[in-house]
Protein chains: 2
Amino acid sequence: MGSILRATARILTRDGYEGASTNRIAEVAGVSVGSLYQYFPSKDAIVAALIDAHCEEMFEVFRRELAAVAGADLEAAARAVVAAQIEAHKVNPKLHRVFLEQLPKVGMLKRFHEIGRRSEALVRTYLEARREEMRPANLDLAAFLLVTTVEAVTHAAVIDQPERLDDPDFIPEVTALCVRYLAKGSGPPRG
Amino acid sequence: MGSILRATARILTRDGYEGASTNRIAEVAGVSVGSLYQYFPSKDAIVAALIDAHCEEMFEVFRRELAAVAGADLEAAARAVVAAQIEAHKVNPKLHRVFLEQLPKVGMLKRFHEIGRRSEALVRTYLEARREEMRPANLDLAAFLLVTTVEAVTHAAVIDQPERLDDPDFIPEVTALCVRYLAKGSGPPRG
DNA sequence: AGAATATGTGAGTGATCGCTCACGTTTGCT
DNA sequence: AGCAAACGTGAGCGATCACTCACATATTCT
């Protein structure tokens, strides 16, 4: 069963979604198609199980790195969130890409949206604990903006432009994007 | 030919990628499959043409709204960028979603990345013209972060959580995210 | 050992798909 | 009208796919 998931992941990362027929998955896993259907009711179920495992793994990396800075100040916490997202995206970037860019079924994406919502909840908890330091009145909106932003920027960097990560300004600048948005410090002069 | 593209767009928005077989496209367009292949060499070519048209339309909306504020101050320009991205995403949200979430071919996504790069160039031009007002030293990185951020936040809102757009804080807060990142105003106290 | 059960096999099924091609139909010219 | 080129047609081809099922093999009982 694990071998089926491992074979599927390998095919997806090497040949993309098109190469992942049930016969080929069975072949690479070293079992027969019949066996494959004893463990999974459908091809979609295999992919779904793989997505679930991948999402769980990414979220676990994210959550663990965040737990370490629950009491830290804003700057340190923001830097940790950014670094955590980068690490989470390094779990299996190729597989991550296939899931987000090649899966033709919409239902599959819901699983990714869910870890987004869970990440938002973690961040909102932090923001609420330090509410008096925060400029935004609507912390729900703030958490949404931050998580969406950091995820997008991280994703674009890790998946599409890995050379960005070599830029020593990358993490500090993304951190600044978050911190300057959140902190009360004087913004631009208000009209 | 236009009818083929229109039929394809309609099927994609109504039934998703799975429903868009060449026979069905021909049927909805009111032509025969044979005719379809006189205008397009392959099914992929139809989808590609549709993507190109869609991207061009979105970028044109974005570019036009931006041209109007080329000389405006940072706050106004940022607000315009945010509003422009929202408007661009309203061109055809359902089709946009299918393109980004259901197309199984990676090659198709390159076309979306290209308008991202073009948007970055527009933004960078503005940033460079006002370089002395900007805090970030690396305006290339700044343009990348801003465009990626505003696109992601806008996309998430328009496509997945349209109720966000009803929040009167939405545009101001996204604008604040950009302006506070860019402006020289005192950031958080530096260690 | 032998029956009963669980597990594994892979050729084959039916359905779908992108695409072709032999054949009509229309159009525009002389 | 007569012809030819351009345009349109749709049954059907070959390929592929997810999935099944009759059968073989392995395992666990008594």
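Not measured: the values here are computed from a predicted model. Convention: sequence-line order gives letters A, B, ...; per-chain numbering from 1.
- Annotation: side-chain contact (heavy atoms from CB on, under 4.5 Å) contacts of Ala121(A) (sequence neighbours excluded): none.
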Dump the pairs, protein N or O against N or O of nucleotides 22-26 of chain C, anything under 3.5 Å, distances to one decimal.
none

Do any N or O atoms of the protein come closer than 3.5 Å to N or O atoms of nucleotides 15-19 of chain C, and which pairs are they?
unit_1: dG18(C); atom_1: OP1; unit_2: Lys43(B); atom_2: NZ; d: 2.4
unit_1: dG18(C); atom_1: OP2; unit_2: Thr22(B); atom_2: N; d: 2.8
unit_1: dG18(C); atom_1: OP2; unit_2: Thr22(B); atom_2: OG1; d: 3.2
unit_1: dC19(C); atom_1: OP2; unit_2: Tyr37(B); atom_2: OH; d: 2.6
unit_1: dC19(C); atom_1: OP2; unit_2: Lys43(B); atom_2: N; d: 2.8
unit_1: dC19(C); atom_1: O5'; unit_2: Tyr37(B); atom_2: OH; d: 3.3
unit_1: dC19(C); atom_1: N4; unit_2: Asn23(B); atom_2: OD1; d: 3.4

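- The minimum heavy-atom distance linking Phe40(A) with Leu5(A) is given by the pair CZ-CD2, 3.9 Å.
- Between Met1(B) atom CE and dC7(D) atom C1' the separation is 16 Å, expressed in whole Å.
- Going from atom CG of Leu36(B) over to atom P of dG10(D) covers 13 Å, rounded to whole Å.
- Under 4.0 Å is where a charged nitrogen must lie from a carboxylate oxygen, and between Glu60(B) and Arg63(B) at least one such pair does.
- To the nearest angstrom, P of dC17(D) lies 11 Å from CD1 of Ile25(A).
- The main-chain N or O of Gln85(A) is found under 3.5 Å from a side-chain atom of His89(A) such that the two form a donor-acceptor pair.
- Counting to the nearest Å, the P atom of dT20(D) and the CD atom of Gln38(A) are 12 Å from each other.
- With rounding to whole Å, Phe40(B) atom CZ is found 16 Å from dC7(D) atom C1'.
- In this structure, Lys105(A) is not positioned above the aromatic face of Tyr17(A) in the sense of NZ or CZ being under 6.0 Å from the six-membered ring centre and within 45° of the axis.
- Under a 4.0 Å N-O distance rule, the pair Arg97(A)/Asp160(A) qualifies as a salt bridge.
- Classification of Lys110(A) and Glu114(A) as a salt-bridged pair fails, no side-chain N sitting under 4.0 Å from a carboxylate O.
- Between Glu56(A) and Arg118(A) a salt bridge is recorded (basic side-chain N to carboxylate O distance below 4.0 Å).
- The shortest distance between the side-chain N/O atoms of Ser32(A) and the OP1/OP2 oxygens of dG8(C) is not below 4.0 Å.
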